[in-house]
Amino acid sequence: MKQKGVKVFFSVVLAIVLVCGTVAVVKTVKNGGKNPFVKEPATKQEEKIETPAENETSEAPVETPTPAKAQSVRFVSVGDNLIHDGIYEQAAGRANKKGYDFSFCYSRVKPIIEKADIATINQETIVAKSFPPSGYPMFNSPEELGKEVVNTGFDIVNLANNHMLDKGAKGLKEAVEFWRAQEGISVTGAYLNEKERDSIEIRECNGIKIGLVGITQYLNGLSLPKDSPMKIILTTDQKTIENKIKKAKAQCDVVLVNVHWGTEYSTTPTQDQKNLAKNMADWGADIIIGHHPHVLQPVTWIDRADGGRTLCVYSLGNFISQQNTAPRVIGGMLHYTVEKDATSGKVTVKDVLFEPTITHWVPNAHDVQIYPLSAYSDELAKKQASRIKQPDFSIAYINEFVKKIVPEEFLKKA
């Protein structure tokens, strides 16, 4: 009995102890204390042990700089603007004999010319205000012709050609002054004095500096008076050409040469043309635009001594004229882009495309007009076939003629 009483006594005591302990724990937890029977989460100090030290920061993302954009200029160059008397008479008729309206002549190519950043033209006939308009063989064009050239969208006018002295030194001086007075026009190929000849004509567009050089092989037997301060650069004066091209190369990003040379009505360049072209390329010419033969001659690349290459077209033929054979009514517009690398400054001539043009003129009608080949038709070709003595004159004839002269790489793919 006694042993049983002792067991009961100890059981009661244990129960009291458990109850009191539970109450104490509950009270402690309620008062914000720790429950000794629950494992607490690691403290922030303990978490730091498992993470990088505070002075170890992850690298911020590196921003890739936007590459500088290359600068570029889109060019178009055309051939001889040869204004025969029938063309200025047509312009007078369209103006009702109150001046001259040449807009009809250029209206179909104007949208193409205007799209270019820089458009160049060889002005074959002089524009001299002291002389009346005249045709072959001693040309002079009215000032309205020059203003229409500007209105059509041309920017660079070359005066170096075999007709530049048709009205003597006075006529040439007036022409230089006229073109320089036209807003937005740069003139090359004729110089009022020696200082101008030895300076560089510079045209800047889209951040690219273009150095201009204009030279001619012929003056039709004419010459400047000995006492004239005016200067013309002939192809035989190669030392002057070399110095001018090298000076232009040192001052500009790209050098553009207009050169009047070769044999009239021949679609093949002479060896003299090829030799001079190679020399000019090695001296620093980036682009060579040829005129004078009145027919097309090849487009080509010339490898230079510095490892680069020069774009050369030996002749772009007639832009407009009243000449009367099929090869002389087929001309061209040469499209090309000059690009300057923003980092290295390297200049590249690229995207070269030859676009044929047709001078359309029906017999006994004053409607001389330039067409891009894309706007021409067999019906139109047939209308002037007899005048140009080519019964099979057609789009097919024109394409075949061009393909025989201009390499396929420069022609638009069908």
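Quick note: numbers below take in every heavy atom, side chains included, and nothing from hydrogens, waters or symmetry partners.
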CG of L145 to CD1 of I320, rounded to nearest 0.5 Å, is 8.5 Å
- Answer yes if the side chains of Q369 and S107 hold a donor-acceptor pair under 3.5 Å, and no otherwise. yes
CZ of R387 to CG of N324, rounded to nearest 0.5 Å, is 6.5 Å
Check for a donor-acceptor pair, side chain of N220 on one end and backbone N or O of L222 on the other, with a separation under 3.5 Å.
-> no
Hey, does the side chain of S134 reach the backbone of M138 with a donor-acceptor pair shorter than 3.5 angstrom? yes
- prompt: Going through the checks in order, is the side chain to side chain donor-acceptor pair (under 3.5 Å) test met by T240 and N243?
  reply: CA-CA 5 Å; T240 297; N243 290 339; 5.8 Å; no
Sorted by chain and residue number, the ring pair (Phe, Tyr, Trp, His ring centres under 6.0 Å) partners of W361 (sequence neighbours excluded) come out as none
Next item on the list: Say whether, by atom type as modelled, one donor and one acceptor occur between the side chain of N193 and the main chain of K195 under 3.5 angstrom.
Entry: yes
When every non-hydrogen atom of N140 is compared with those of P132, the smallest separation belongs to ND2-O, 3.3 Å
Partner of D286 under salt bridge (charged side-chain N to carboxylate O under 4.0 Å, His left out), picked from R309, K346, K350, R304, is R304
In terms of heavy-atom contacts, P137 and D166 come closest through O-OD2, 3.5 Å
### Query
Sub-3.5 Å donor-acceptor pair from the side chain of T310 to the main-chain atoms of A285, do we have one?
yes
- Verify salt bridge (charged side-chain N to carboxylate O under 4.0 Å, His left out) between K173 and E177, making sure each step is shown before the conclusion. CA-CA 6 Å; K173 183 174 184 293; E177 292 171 344; 2.5 Å; yes
Residues at least two apart in sequence or cross-chain that pass ring pair (Phe, Tyr, Trp, His ring centres under 6.0 Å) with F75, listed by chain then number, are Y336
Only one of Q71, K340, K209 passes side-chain hydrogen bond (donor to acceptor under 3.5 Å, both in side chains) with D253, and that residue is K340
*asked:* Is there a side-chain contact (heavy atoms from CB on, under 4.5 Å) between I288 and L311? Walk through the geometry before answering.
replied: CA-CA 6 Å; I288 299 171; L311 174 65; over 6 Å; no
All heavy atoms of Y100 vs all of Y88, minimum pair found to be CD2-O, 3.3 Å
Handout entry: Side chains of D351 and H335, donor plus acceptor under 3.5 Å
Key = no
Q) With no hydrogens and no angle check, do the side chains of Q323 and N318 hold a donor and an acceptor under 3.5 Å apart? A) yes
(Q) Are L159 and T188 packed together at the side-chain level, in the sense that at least one heavy-atom pair is separated by less than 4.5 angstrom? (A) no
Can you find a heavy atom in the side chain of T120 that is under 4.5 Å from one in the side chain of L256? yes
State whether a side-chain donor-acceptor pair under 3.5 Å links Q390 with D392.
yes
Residues I241, I233; criterion side-chain contact (heavy atoms from CB on, under 4.5 Å); working and verdict = CA-CA 7 Å; I241 300 170; I233 303 176; 3.7 Å; yes
Output for pair (S141 OG, E148 CD), nearest 0.5 Å, gives 13.0 Å
Item to complete: Could you check if a side-chain atom of E114 sits within less than 4.5 angstrom of a side-chain atom of F154, using non-hydrogen atoms only?
Response: no
task = Examine the side chains of Q273 and Q297 and answer whether a donor and an acceptor come within less than 3.5 Å of each other.
result = yes
Hey, is the main chain of G332 close enough, under 3.5 Å, to the side chain of T357 for a donor-acceptor pair?
yes
Those residues at least two apart in sequence (or on a different chain) that pass salt bridge (charged side-chain N to carboxylate O under 4.0 Å, His left out) with D367 are none
Note to self: Do L219 and H163 have side chains that approach each other closer than 4.5 Å (heavy atoms only, starting at C-beta)?
What the structure shows: no
For the pair T359 (side chain) and F319 (backbone), establish whether a donor and an acceptor sit closer than 3.5 Å, ignoring hydrogens and angles. yes
Residues passing the salt bridge (charged side-chain N to carboxylate O under 4.0 Å, His left out) test with D282, sequence neighbours excluded, are K278
Report yes if the side chains of E143 and K129 come closer than 4.5 Å at any heavy-atom pair, otherwise no. yes
Requested in this report: Please determine if R94 forms a cation-pi arrangement with F104, meaning its NZ or CZ atom is less than 6.0 Å from the six-membered ring centre and no more than 45° off the ring axis.
Outcome: yes
Output for pair (E264 CD, N162 CG), nearest 0.5 Å, gives 6.5 Å
Review point. Are E144 and K147 close enough, and set up right, to give a salt bridge (charged side-chain N to carboxylate O under 4.0 Å, His left out), and what steps lead you there?
Key: CA-CA 5 Å; E144 288 91 336; K147 291 176 181 177; over 6 Å; no
Q. Looking only at side chains, do H292 and Y218 share a donor and an acceptor under 3.5 Å apart?
A. no
I'd like to check V259 versus I289 (side-chain heavy atoms, cut-off strictly below 4.5 Å). Are they in contact? no
Margin query: If we ignore hydrogens and angles and just use 3.5 Å, is the side chain of N158 paired with the main-chain N or O of G214 as donor and acceptor?
Written below: no
Chi angles and distances behind the side-chain contact (heavy atoms from CB on, under 4.5 Å) call for H84, F139: CA-CA 8 Å; H84 286 95; F139 291 94; 3.9 Å; yes
Under 3.5 Å, is there a donor on one side chain and an acceptor on the other for S186 and R203? yes
| query | Would you say the side-chain atoms of Q217 pair up with the backbone N or O of G262, donor to acceptor, closer than 3.5 Å? | reply | yes
(request) Would you check if there is a donor-acceptor pair between the side chains of T337 and S72 at a distance under 3.5 Å? (result) no
Flag side-chain contact, heavy atom, 4.5 Å: T216 against W261: no
Can Y106 and N81 be counted as having a side-chain donor-acceptor contact under 3.5 angstrom?
-> yes
Between F410 and F354, is the ring centroid distance below 6.0 Å?
no
For K244, the salt bridge (charged side-chain N to carboxylate O under 4.0 Å, His left out) test, sequence neighbours excluded, returns E201
Using the six-membered ring wherever Trp is involved, compare the ring planes of H260 and H291 and label them parallel, tilted or perpendicular (cut-offs 30° and 60°). tilted
To the nearest 0.5 Å, atom NZ of K115 lies from atom CG of D117 at 13.0 Å
Exercise. Can you find a side-chain donor-acceptor pair between D101 and S103 that sits under 3.5 Å?
Worked result: yes
Keeping S315 on the side-chain end and V295 on the backbone end, is there a donor-acceptor pair under 3.5 Å? yes
**Asked** Yes or no on side-chain contact (heavy atoms from CB on, under 4.5 Å) for E355 and I112, after CA distance, side-chain angles and deciding distance?
**Response** CA-CA 10 Å; E355 182 175 7; I112 298 172; 3.7 Å; yes
Is N399 close to L373 at the side-chain level, that is, under 4.5 Å between some pair of heavy atoms?
yes
message = I'd like to know if the side chain of Q322 reaches the main chain of G86, judged simply by a donor and an acceptor atom lying under 3.5 Å from each other, with no hydrogens or angles considered.
response = yes
Applying salt bridge (charged side-chain N to carboxylate O under 4.0 Å, His left out) to E174 and not counting sequence neighbours gives none
